[in-house]
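Read the structure below first, then the notes.
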Amino acid sequence: MLTADLLQTAIADYHRQLRSLKELKNWSDQSVLAMLRERDRIQFLIDHLAQQPVTKALATDKWLILSEDDALLGQWNDRLLTLDQLPIWRNSINPPEHHWWWHPKASETKPILSWLWGGLTIALLTLSLAFAKDIATRFFDDAPGLWSSIGAIVPTILALFATGGVLTKVGQQAIDTYLTHRAPPRYKPLVRCLLALGLAVMFFLGHSIGLPWAAHQYHSAGINQYQKSQLTNAQTSFQRALRLHPDFPAANHSLGLTHEDLRDFDQAKTNYATAIQGGSLESVNNLARLQILDDKDYASAAVLLKTALNAPQRDPNDTVLEYGLRKNLGWAWLKQERHLSAEGELRRAITLETTLTDPQPDAHCLLAQVLEAQQKQPDANTTWETCLRHATKNPQDDHWSGIAAKALGYETETNTTDTPSQAETNQ
(Lines give C-alpha, C1' and ligand atoms only; values in the text may rest on other atoms or scores of the structure.)
Protein backbone atom coordinates (compact mmCIF):
# COMPACT_ATOMS: atom_id res chain seq x y z
CA MET A 1 0.00 0.00 0.00
CA LEU A 2 1.30 3.42 -0.90
CA THR A 3 2.34 5.90 1.80
CA ALA A 4 -0.39 8.31 0.72
CA ASP A 5 -3.03 5.65 1.21
CA LEU A 6 -1.66 4.76 4.63
CA LEU A 7 -1.65 8.46 5.56
CA GLN A 8 -5.26 8.84 4.43
CA THR A 9 -6.27 5.85 6.60
CA ALA A 10 -4.34 7.23 9.59
CA ILE A 11 -6.01 10.64 9.25
CA ALA A 12 -9.41 8.95 9.18
CA ASP A 13 -8.61 6.91 12.31
CA TYR A 14 -7.26 10.06 14.04
CA HIS A 15 -10.45 11.93 13.12
CA ARG A 16 -12.64 9.15 14.48
CA GLN A 17 -10.71 8.96 17.75
CA LEU A 18 -10.92 12.70 18.33
CA ARG A 19 -14.66 12.74 17.70
CA SER A 20 -15.07 9.88 20.12
CA LEU A 21 -13.09 11.69 22.82
CA LYS A 22 -15.09 14.83 22.18
CA GLU A 23 -18.28 13.02 23.17
CA LEU A 24 -16.84 11.63 26.39
CA LYS A 25 -16.88 13.49 29.71
CA ASN A 26 -14.38 11.12 31.27
CA TRP A 27 -11.44 10.03 29.16
CA SER A 28 -9.84 6.65 29.53
CA ASP A 29 -6.06 6.47 29.50
CA GLN A 30 -6.18 3.88 26.69
CA SER A 31 -8.23 6.06 24.31
CA VAL A 32 -6.03 9.14 24.90
CA LEU A 33 -2.81 7.19 24.43
CA ALA A 34 -4.17 5.56 21.24
CA MET A 35 -5.06 9.00 19.86
CA LEU A 36 -1.62 10.44 20.60
CA ARG A 37 0.13 7.44 19.06
CA GLU A 38 -2.08 7.75 15.97
CA ARG A 39 -0.93 11.37 15.67
CA ASP A 40 2.67 10.13 15.87
CA ARG A 41 1.91 7.70 13.02
CA ILE A 42 0.48 10.51 10.92
CA GLN A 43 3.62 12.61 11.45
CA PHE A 44 5.84 9.65 10.55
CA LEU A 45 3.92 9.08 7.32
CA ILE A 46 4.04 12.80 6.46
CA ASP A 47 7.82 12.83 6.92
CA HIS A 48 8.18 9.62 4.89
CA LEU A 49 5.95 10.94 2.13
CA ALA A 50 8.08 14.08 1.85
CA GLN A 51 11.21 11.98 1.23
CA GLN A 52 9.77 10.01 -1.73
CA PRO A 53 10.79 11.36 -5.18
CA VAL A 54 7.48 10.36 -6.77
CA THR A 55 4.46 10.54 -4.53
CA LYS A 56 0.78 10.17 -4.87
CA ALA A 57 -0.86 13.42 -3.95
CA LEU A 58 -3.09 13.40 -0.89
CA ALA A 59 -6.47 14.97 -1.44
CA THR A 60 -6.77 18.54 -0.22
CA ASP A 61 -9.84 17.79 1.86
CA LYS A 62 -7.79 15.28 3.89
CA TRP A 63 -5.27 17.98 4.76
CA LEU A 64 -8.14 20.25 5.84
CA ILE A 65 -9.55 17.49 8.04
CA LEU A 66 -6.11 16.99 9.66
CA SER A 67 -5.78 20.74 10.24
CA GLU A 68 -9.22 20.95 11.86
CA ASP A 69 -8.53 17.91 14.05
CA ASP A 70 -5.19 19.37 15.21
CA ALA A 71 -6.95 22.60 16.06
CA LEU A 72 -9.45 20.64 18.16
CA LEU A 73 -6.65 18.82 19.95
CA GLY A 74 -4.93 22.14 20.61
CA GLN A 75 -8.05 23.33 22.42
CA TRP A 76 -7.68 20.44 24.86
CA ASN A 77 -4.31 21.60 26.23
CA ASP A 78 -5.64 22.35 29.70
CA ARG A 79 -7.51 19.04 29.84
CA LEU A 80 -4.47 17.08 28.72
CA LEU A 81 -2.43 18.76 31.45
CA THR A 82 -4.73 17.21 34.04
CA LEU A 83 -3.82 13.68 32.96
CA ASP A 84 -1.55 12.17 35.57
CA GLN A 85 -0.25 9.54 33.14
CA LEU A 86 0.83 11.97 30.43
CA PRO A 87 4.29 12.74 31.94
CA ILE A 88 4.87 8.99 32.40
CA TRP A 89 3.99 8.24 28.76
CA ARG A 90 6.19 11.11 27.64
CA ASN A 91 9.17 9.75 29.56
CA SER A 92 8.66 6.28 28.12
CA ILE A 93 8.08 7.25 24.49
CA ASN A 94 10.41 10.26 24.53
CA PRO A 95 8.75 12.17 21.68
CA PRO A 96 10.65 15.04 20.05
CA GLU A 97 9.84 18.62 20.98
CA HIS A 98 8.15 19.37 17.67
CA HIS A 99 5.52 16.72 18.42
CA TRP A 100 3.49 19.37 20.14
CA TRP A 101 0.59 17.04 21.01
CA TRP A 102 2.82 15.42 23.62
CA HIS A 103 3.72 18.78 25.16
CA PRO A 104 0.48 20.59 25.98
CA LYS A 105 0.81 24.09 27.42
CA ALA A 106 -1.73 25.79 29.58
CA SER A 107 -3.50 28.60 27.83
CA GLU A 108 -2.01 31.90 28.90
CA THR A 109 -4.24 34.03 31.03
CA LYS A 110 -4.19 37.71 30.43
CA PRO A 111 -2.60 39.65 33.30
CA ILE A 112 -5.11 41.35 35.56
CA LEU A 113 -5.25 45.12 34.96
CA SER A 114 -1.69 45.12 33.65
CA TRP A 115 -2.10 48.69 32.34
CA LEU A 116 -3.04 49.92 35.81
CA TRP A 117 -0.24 48.11 37.65
CA GLY A 118 2.27 49.14 34.99
CA GLY A 119 1.35 52.80 35.33
CA LEU A 120 1.44 52.66 39.12
CA THR A 121 4.83 50.93 38.97
CA ILE A 122 6.32 53.73 36.87
CA ALA A 123 4.79 56.38 39.18
CA LEU A 124 6.13 54.67 42.32
CA LEU A 125 9.60 54.29 40.83
CA THR A 126 9.60 57.95 39.84
CA LEU A 127 8.66 58.81 43.43
CA SER A 128 11.48 56.59 44.72
CA LEU A 129 13.97 58.35 42.44
CA ALA A 130 12.79 61.72 43.73
CA PHE A 131 13.22 60.62 47.35
CA ALA A 132 16.64 59.12 46.57
CA LYS A 133 17.80 62.29 44.87
CA ASP A 134 16.64 64.47 47.76
CA ILE A 135 18.26 62.22 50.37
CA ALA A 136 21.55 62.05 48.47
CA THR A 137 21.59 65.81 47.86
CA ARG A 138 21.17 66.57 51.56
CA PHE A 139 24.17 64.45 52.46
CA PHE A 140 26.50 66.18 50.02
CA ASP A 141 28.56 69.07 51.41
CA ASP A 142 31.98 70.61 50.99
CA ALA A 143 33.72 68.21 53.37
CA PRO A 144 31.81 64.93 53.48
CA GLY A 145 32.75 62.34 56.04
CA LEU A 146 32.26 58.59 55.94
CA TRP A 147 28.58 58.64 56.91
CA SER A 148 27.86 61.57 54.63
CA SER A 149 29.30 59.64 51.71
CA ILE A 150 27.34 56.51 52.58
CA GLY A 151 24.15 58.52 52.98
CA ALA A 152 24.66 60.09 49.56
CA ILE A 153 25.66 56.98 47.63
CA VAL A 154 23.50 54.17 49.02
CA PRO A 155 20.03 55.58 48.20
CA THR A 156 21.14 56.52 44.70
CA ILE A 157 22.49 53.02 44.00
CA LEU A 158 19.31 51.40 45.37
CA ALA A 159 17.07 53.63 43.28
CA LEU A 160 19.06 53.13 40.08
CA PHE A 161 19.22 49.37 40.62
CA ALA A 162 15.49 49.12 41.25
CA THR A 163 14.39 51.35 38.39
CA GLY A 164 16.90 49.74 36.03
CA GLY A 165 15.53 46.35 36.97
CA VAL A 166 11.99 47.30 36.06
CA LEU A 167 12.54 49.68 33.17
CA THR A 168 15.18 47.81 31.17
CA LYS A 169 14.71 44.62 29.19
CA VAL A 170 17.49 42.77 31.01
CA GLY A 171 16.07 43.85 34.34
CA GLN A 172 12.57 42.71 33.43
CA GLN A 173 13.90 39.32 32.37
CA ALA A 174 15.73 38.97 35.67
CA ILE A 175 12.57 39.84 37.60
CA ASP A 176 10.49 37.45 35.50
CA THR A 177 12.98 34.66 36.22
CA TYR A 178 12.80 35.42 39.93
CA LEU A 179 8.98 35.48 39.89
CA THR A 180 8.52 32.37 37.74
CA HIS A 181 8.20 30.05 40.72
CA ARG A 182 6.77 32.65 43.08
CA ALA A 183 3.83 34.23 41.26
CA PRO A 184 1.45 33.12 38.49
CA PRO A 185 2.00 34.99 35.18
CA ARG A 186 -1.26 36.86 35.48
CA TYR A 187 -0.14 38.38 38.78
CA LYS A 188 3.37 39.42 37.71
CA PRO A 189 2.41 43.07 36.91
CA LEU A 190 0.79 43.30 40.35
CA VAL A 191 3.87 41.80 42.02
CA ARG A 192 6.12 44.28 40.20
CA CYS A 193 3.89 47.08 41.41
CA LEU A 194 4.06 45.79 44.99
CA LEU A 195 7.86 45.63 44.77
CA ALA A 196 7.93 49.22 43.53
CA LEU A 197 5.56 50.17 46.36
CA GLY A 198 7.87 48.53 48.89
CA LEU A 199 10.81 50.49 47.50
CA ALA A 200 8.84 53.75 47.61
CA VAL A 201 7.78 53.06 51.21
CA MET A 202 11.41 52.33 52.14
CA PHE A 203 12.57 55.64 50.68
CA PHE A 204 9.63 57.48 52.26
CA LEU A 205 10.52 56.11 55.69
CA GLY A 206 14.17 56.95 55.08
CA HIS A 207 13.16 60.48 54.15
CA SER A 208 10.62 61.06 56.94
CA ILE A 209 12.30 59.09 59.75
CA GLY A 210 15.86 58.36 58.69
CA LEU A 211 16.83 61.94 57.84
CA PRO A 212 15.56 63.39 61.16
CA TRP A 213 17.33 60.56 63.01
CA ALA A 214 20.62 61.30 61.23
CA ALA A 215 20.11 65.02 61.88
CA HIS A 216 19.74 64.36 65.62
CA GLN A 217 22.98 62.36 65.57
CA TYR A 218 24.83 65.28 63.98
CA HIS A 219 23.19 67.67 66.47
CA SER A 220 24.30 65.54 69.42
CA ALA A 221 27.83 65.46 68.05
CA GLY A 222 27.71 69.23 67.63
CA ILE A 223 26.59 69.72 71.24
CA ASN A 224 29.58 67.69 72.46
CA GLN A 225 31.91 69.73 70.25
CA TYR A 226 30.36 72.99 71.44
CA GLN A 227 30.80 72.02 75.08
CA LYS A 228 34.47 71.36 74.32
CA SER A 229 34.75 74.81 72.71
CA GLN A 230 35.37 73.24 69.27
CA LEU A 231 33.24 75.94 67.69
CA THR A 232 34.18 75.36 64.03
CA ASN A 233 33.48 71.64 64.25
CA ALA A 234 30.25 72.30 66.12
CA GLN A 235 29.19 74.78 63.45
CA THR A 236 29.76 72.16 60.73
CA SER A 237 27.79 69.52 62.65
CA PHE A 238 24.83 71.84 63.25
CA GLN A 239 24.81 72.89 59.59
CA ARG A 240 24.80 69.24 58.48
CA ALA A 241 21.92 68.53 60.86
CA LEU A 242 19.91 71.37 59.33
CA ARG A 243 20.76 70.24 55.80
CA LEU A 244 19.30 66.83 56.60
CA HIS A 245 16.33 68.17 58.57
CA PRO A 246 15.63 71.87 57.96
CA ASP A 247 12.65 71.92 60.34
CA PHE A 248 14.85 71.44 63.41
CA PRO A 249 14.50 74.37 65.86
CA ALA A 250 17.00 72.93 68.36
CA ALA A 251 19.72 72.76 65.70
CA ASN A 252 19.00 76.34 64.60
CA HIS A 253 19.19 77.45 68.23
CA SER A 254 22.48 75.62 68.75
CA LEU A 255 23.89 77.07 65.54
CA GLY A 256 22.83 80.52 66.75
CA LEU A 257 24.75 79.98 70.00
CA THR A 258 27.81 78.94 68.02
CA HIS A 259 27.67 81.98 65.72
CA GLU A 260 27.19 84.17 68.76
CA ASP A 261 30.33 82.77 70.35
CA LEU A 262 32.11 83.34 67.03
CA ARG A 263 30.96 86.99 67.27
CA ASP A 264 28.83 86.66 64.13
CA PHE A 265 25.77 88.32 65.68
CA ASP A 266 23.88 88.87 62.43
CA GLN A 267 23.98 85.18 61.54
CA ALA A 268 23.14 84.24 65.12
CA LYS A 269 20.04 86.44 64.98
CA THR A 270 19.02 84.77 61.71
CA ASN A 271 19.34 81.32 63.29
CA TYR A 272 17.40 82.39 66.37
CA ALA A 273 14.63 83.87 64.22
CA THR A 274 14.34 80.61 62.27
CA ALA A 275 14.23 78.60 65.50
CA ILE A 276 11.50 80.90 66.82
CA GLN A 277 9.34 79.96 63.84
CA GLY A 278 9.64 76.37 65.06
CA GLY A 279 8.48 77.35 68.56
CA SER A 280 11.80 77.72 70.39
CA LEU A 281 11.31 80.03 73.38
CA GLU A 282 15.01 79.78 74.21
CA SER A 283 15.70 81.44 70.87
CA VAL A 284 13.19 84.18 71.71
CA ASN A 285 15.17 84.92 74.83
CA ASN A 286 18.53 84.94 73.03
CA LEU A 287 17.30 87.04 70.10
CA ALA A 288 15.81 89.60 72.48
CA ARG A 289 19.09 89.71 74.39
CA LEU A 290 21.00 90.44 71.16
CA GLN A 291 18.48 93.12 70.23
CA ILE A 292 19.26 94.81 73.54
CA LEU A 293 22.99 94.24 73.43
CA ASP A 294 23.81 94.67 69.74
CA ASP A 295 20.90 96.51 68.12
CA LYS A 296 19.88 98.77 71.04
CA ASP A 297 16.32 97.98 69.98
CA TYR A 298 14.78 97.81 73.42
CA ALA A 299 11.16 98.08 72.35
CA SER A 300 11.34 95.10 69.97
CA ALA A 301 13.16 93.06 72.61
CA ALA A 302 10.45 93.80 75.18
CA VAL A 303 7.72 92.74 72.76
CA LEU A 304 9.52 89.46 72.02
CA LEU A 305 10.02 88.69 75.70
CA LYS A 306 6.44 89.46 76.69
CA THR A 307 5.22 87.27 73.84
CA ALA A 308 7.36 84.40 75.12
CA LEU A 309 6.10 84.85 78.69
CA ASN A 310 2.51 84.63 77.41
CA ALA A 311 3.17 81.71 75.03
CA PRO A 312 0.91 78.69 75.66
CA GLN A 313 3.87 76.27 75.34
CA ARG A 314 5.87 78.09 78.01
CA ASP A 315 6.79 75.87 80.96
CA PRO A 316 6.91 77.94 84.19
CA ASN A 317 8.92 75.12 85.78
CA ASP A 318 11.79 75.71 83.34
CA THR A 319 13.50 78.04 85.76
CA VAL A 320 16.57 78.64 83.57
CA LEU A 321 14.44 79.95 80.71
CA GLU A 322 12.07 81.75 83.09
CA TYR A 323 15.00 83.52 84.75
CA GLY A 324 16.45 84.59 81.40
CA LEU A 325 13.12 85.91 80.05
CA ARG A 326 12.33 87.97 83.14
CA LYS A 327 15.88 89.23 83.58
CA ASN A 328 16.10 90.36 79.95
CA LEU A 329 12.64 91.93 80.06
CA GLY A 330 13.70 93.89 83.13
CA TRP A 331 16.85 94.92 81.26
CA ALA A 332 14.84 96.11 78.23
CA TRP A 333 12.51 98.13 80.46
CA LEU A 334 15.49 99.61 82.33
CA LYS A 335 16.83 100.91 79.00
CA GLN A 336 13.39 102.36 78.27
CA GLU A 337 13.44 104.01 81.70
CA ARG A 338 10.36 102.07 82.79
CA HIS A 339 11.86 101.64 86.24
CA LEU A 340 8.90 100.30 88.21
CA SER A 341 8.14 97.62 85.62
CA ALA A 342 11.83 96.77 85.35
CA GLU A 343 12.14 96.43 89.13
CA GLY A 344 9.18 94.01 89.26
CA GLU A 345 10.57 91.70 86.59
CA LEU A 346 14.08 91.76 87.99
CA ARG A 347 12.84 90.86 91.48
CA ARG A 348 10.87 87.96 89.97
CA ALA A 349 14.07 86.81 88.26
CA ILE A 350 15.98 87.03 91.57
CA THR A 351 13.43 84.78 93.28
CA LEU A 352 14.16 82.17 90.61
CA GLU A 353 17.91 82.47 91.04
CA THR A 354 18.00 80.14 94.04
CA THR A 355 16.85 77.25 91.81
CA LEU A 356 19.74 77.72 89.38
CA THR A 357 22.91 75.65 89.59
CA ASP A 358 25.28 78.63 89.49
CA PRO A 359 24.69 82.04 91.11
CA GLN A 360 23.77 84.69 88.56
CA PRO A 361 24.79 88.30 89.20
CA ASP A 362 22.91 89.72 86.19
CA ALA A 363 19.52 90.39 87.77
CA HIS A 364 21.11 91.85 90.94
CA CYS A 365 23.40 94.16 88.96
CA LEU A 366 20.54 95.36 86.73
CA LEU A 367 18.27 95.85 89.75
CA ALA A 368 20.97 97.95 91.42
CA GLN A 369 20.96 100.25 88.36
CA VAL A 370 17.16 100.49 88.56
CA LEU A 371 17.33 101.44 92.25
CA GLU A 372 19.97 104.07 91.52
CA ALA A 373 17.75 105.52 88.82
CA GLN A 374 14.94 105.68 91.41
CA GLN A 375 17.38 107.41 93.79
CA LYS A 376 17.19 104.58 96.34
CA GLN A 377 20.89 104.61 97.05
CA PRO A 378 20.98 102.54 100.26
CA ASP A 379 19.01 99.73 98.62
CA ALA A 380 21.11 100.13 95.48
CA ASN A 381 24.35 99.74 97.47
CA THR A 382 23.05 96.59 99.16
CA THR A 383 22.10 95.17 95.77
CA TRP A 384 25.50 96.11 94.31
CA GLU A 385 27.12 94.17 97.17
CA THR A 386 25.10 91.08 96.21
CA CYS A 387 26.00 91.61 92.56
CA LEU A 388 29.70 91.84 93.41
CA ARG A 389 29.55 88.76 95.64
CA HIS A 390 27.94 86.66 92.92
CA ALA A 391 30.14 88.03 90.13
CA THR A 392 33.41 87.16 91.83
CA LYS A 393 32.47 83.45 91.84
CA ASN A 394 32.67 83.02 88.08
CA PRO A 395 35.44 84.36 85.80
CA GLN A 396 32.97 85.02 83.00
CA ASP A 397 31.21 87.57 85.23
CA ASP A 398 34.32 89.69 85.71
CA HIS A 399 32.69 92.55 83.80
CA TRP A 400 29.98 92.77 86.45
CA SER A 401 32.66 92.74 89.15
CA GLY A 402 34.20 95.86 87.67
CA ILE A 403 30.86 97.68 87.38
CA ALA A 404 29.80 96.75 90.93
CA ALA A 405 33.20 97.68 92.42
CA LYS A 406 33.11 101.04 90.69
CA ALA A 407 29.55 101.70 91.88
CA LEU A 408 30.56 100.91 95.48
CA GLY A 409 33.69 103.05 95.26
CA TYR A 410 36.08 100.16 95.57
CA GLU A 411 37.75 101.08 92.23
CA THR A 412 38.41 104.55 90.92
CA GLU A 413 39.97 103.71 87.55
CA THR A 414 38.38 101.22 85.20
CA ASN A 415 37.50 100.94 81.53
CA THR A 416 34.13 99.35 82.25
CA THR A 417 30.85 101.10 81.69
CA ASP A 418 27.45 100.72 83.26
CA THR A 419 26.09 98.97 80.19
CA PRO A 420 26.08 95.15 80.27
CA SER A 421 28.31 93.76 77.55
CA GLN A 422 28.97 90.28 76.22
CA ALA A 423 28.93 88.99 79.79
CA GLU A 424 25.12 89.00 79.59
CA THR A 425 25.00 86.94 76.42
CA ASN A 426 25.27 83.78 78.49
CA GLN A 427 21.51 83.92 79.14
Discussion item. Please determine whether side chain to side chain contact (heavy atoms under 4.5 Å, CB included) holds for the pair Thr270 and Phe265, giving the CA-CA distance in whole Å, both sets of side-chain angles, and the decisive distance to 0.1 Å.
Written reply: CA-CA 9 Å; Thr270 299; Phe265 294 150; over 6 Å; no
Discussion item. Does anything in residues 356-391 form a ring pair (Phe, Tyr, Trp, His ring centres under 6.0 Å)? List the pairs, not counting sequence neighbours.
Written reply: His364-His390
Discussion item. Ile403 vs Cys365, test: side chain to side chain contact (heavy atoms under 4.5 Å, CB included). Steps then yes/no.
Written reply: CA-CA 8 Å; Ile403 294 176; Cys365 302; over 6 Å; no
Discussion item. Within the supplied structure, the quantity of interest is the number of heavy atoms (other residues, nucleotides, ligands) at a distance under 6.0 Å from Gln313 CD; does it exceed 12?
Written reply: yes
Worksheet item: Closest approach of Arg37 and Ile93, non-hydrogen atoms and distance?
Response: NH1-CG2, 3.5 Å
Worksheet, complete the sentence: Per side chain to side chain contact (heavy atoms under 4.5 Å, CB included), Tyr272 is matched among Asn285, Leu257, Leu304 by Leu257
Practice prompt. Please name all residues satisfying side chain to side chain contact (heavy atoms under 4.5 Å, CB included) with Ser280, sequence neighbours left out, ordered by chain then number.
Written response: Pro249, His253, Ala275, Glu282, Ser283
Discussion item. Which heavy atom of Gln225 sits nearest to which heavy atom of Asn233, and what is that distance?
Written reply: OE1-O, 3.0 Å
Practice prompt. Begin from the C-alpha positions of Asn381 and Glu385 and carry the test side-chain hydrogen bond (donor to acceptor under 3.5 Å, both in side chains) through to its verdict.
Written response: CA-CA 6 Å; Asn381 289 340; Glu385 291 285 356; over 6 Å; no
Discussion item. Going by the rule salt bridge (charged side-chain N to carboxylate O under 4.0 Å, His left out), which residues pair with Asp70 if we only count those two or more places apart in sequence or in a different chain?
Written reply: Arg39
Worksheet item: Hey, are the side chains of Arg289 and Glu260 touching, using non-hydrogen atoms and a 4.5 Å cut-off?
Response: yes
Worksheet item: Excluding sequence neighbours, so at least two apart, what forms ring-ring contact (aromatic ring centres under 6.0 Å, His included) with His339?
Response: none
Worksheet item: Say you draw a straight line from CD1 of Ile223 to NZ of Lys228; how long is it, rounded to the nearest 0.5 Å?
Response: 12.5 Å
Worksheet entry | Sequence-distant partners of His15, ring-ring contact (aromatic ring centres under 6.0 Å, His included), two or more places apart | none
Response to the item:
Output for pair (Arg326 CZ, Thr319 OG1), nearest 0.5 Å, gives 12.5 Å
Practice prompt. Could you tell me the separation between the CG atom of Leu80 and the CG atom of Leu73, rounded to the nearest 0.5 Å?
Written response: 6.0 Å
Fill in: Asp294 and Lys269 ion-paired at < 4.0 Å
yes
Worksheet item: Run the side chain to side chain contact (heavy atoms under 4.5 Å, CB included) check on Phe204 and Phe131 step by step: do they pass?
Response: CA-CA 7 Å; Phe204 172 77; Phe131 278 131; 3.8 Å; yes
Discussion item. Strictly distance-based, threshold 3.5 Å: is any side-chain N or O of Glu372 a donor or acceptor partner for the main-chain N or O of Ala380?
Written reply: no
Item to complete: Would you please name every residue forming a disulfide bond (SG atoms under 2.5 Å apart) with Cys193, sequence neighbours left out?
Response: none
Fill in: Step-by-step side chain to side chain contact (heavy atoms under 4.5 Å, CB included) determination, Trp331 to Leu293
CA-CA 10 Å; Trp331 185 9; Leu293 181 68; 4.3 Å; yes
Discussion item. Around atom CD of Gln85, are there more than 12 heavy atoms from other residues, nucleotides or ligands closer than 6.0 Å?
Written reply: yes
Worksheet entry | Within residues 17-27 or reaching into it, pairs that qualify as side chain to side chain donor-acceptor pair (under 3.5 Å) - sequence neighbours excluded | Arg19-Asp69
Fill in: Residue list, ring-ring contact (aromatic ring centres under 6.0 Å, His included) with Trp101, at least two apart or on another chain
His99
Item to complete: Apply the test side-chain hydrogen bond (donor to acceptor under 3.5 Å, both in side chains) to residues His219 and Ser237: give CA-CA distance (whole Å), side-chain angles for both, the deciding distance (0.1 Å), then the verdict.
Response: CA-CA 6 Å; His219 181 249; Ser237 296; over 6 Å; no
Discussion item. Suppose the criterion is salt bridge (Lys or Arg N to Asp or Glu O under 4.0 Å): which pairs have a residue in residues 297-321, not counting sequence neighbours?
Written reply: Arg314-Glu322
Worksheet item: Mind checking what makes side chain to side chain contact (heavy atoms under 4.5 Å, CB included) contact with His245, not counting sequence neighbours?
Response: Pro212, Ala215, Asp247, Phe248
Worksheet item: If you measure from CG on Leu81 to CG on Leu86, what distance do you get to the nearest 0.5 Å?
Response: 7.5 Å
Practice prompt. Please report the closest heavy-atom contact between Thr258 and Leu231, naming both atoms and the distance.
Written response: CG2-O, 3.5 Å
Discussion item. Which residues pass the side chain to side chain contact (heavy atoms under 4.5 Å, CB included) test with Ala302, not counting sequence neighbours?
Written reply: Leu329, Ala332, Trp333, Gln336
Discussion item. Please find the pair of heavy atoms, one from Ala196 and one from Ser128, that lie closest to each other, and give the distance.
Written reply: O-OG, 4.3 Å
Fill in: Heavy-atom pair with the smallest gap, counting every atom of Ala241 and Ala251
CB-CB, 4.3 Å
Worksheet item: What is the distance from atom OG1 of Thr351 to atom OH of Tyr323, rounded to the nearest 0.5 Å?
Response: 10.5 Å
Item to complete: Indicate yes or no for a side-chain donor-acceptor contact from Asn252 to the backbone of Thr274 under 3.5 Å, with no hydrogens or angles considered.
Response: no
Item to complete: Apply side-chain hydrogen bond (donor to acceptor under 3.5 Å, both in side chains) to the pair Thr386 and Thr383, showing each step before the final yes or no.
Response: CA-CA 5 Å; Thr386 305; Thr383 307; 6.0 Å; no
Response to the item:
OG (Ser67) and CG (Leu72) are apart, to the nearest 0.5 Å, by 11.5 Å
Practice prompt. Determine, stepwise, if the pair Arg348 / Glu343 fulfils salt bridge (charged side-chain N to carboxylate O under 4.0 Å, His left out).
Written response: CA-CA 9 Å; Arg348 291 188 184 94; Glu343 181 181 355; over 6 Å; no
Item to complete: Would you please name every residue forming a side chain to side chain contact (heavy atoms under 4.5 Å, CB included) with Thr357, sequence neighbours left out?
Response: none
Practice prompt. Taking all heavy atoms of Trp89 and all of Asp29, pick out the closest pair and write down the distance.
Written response: CH2-O, 3.4 Å
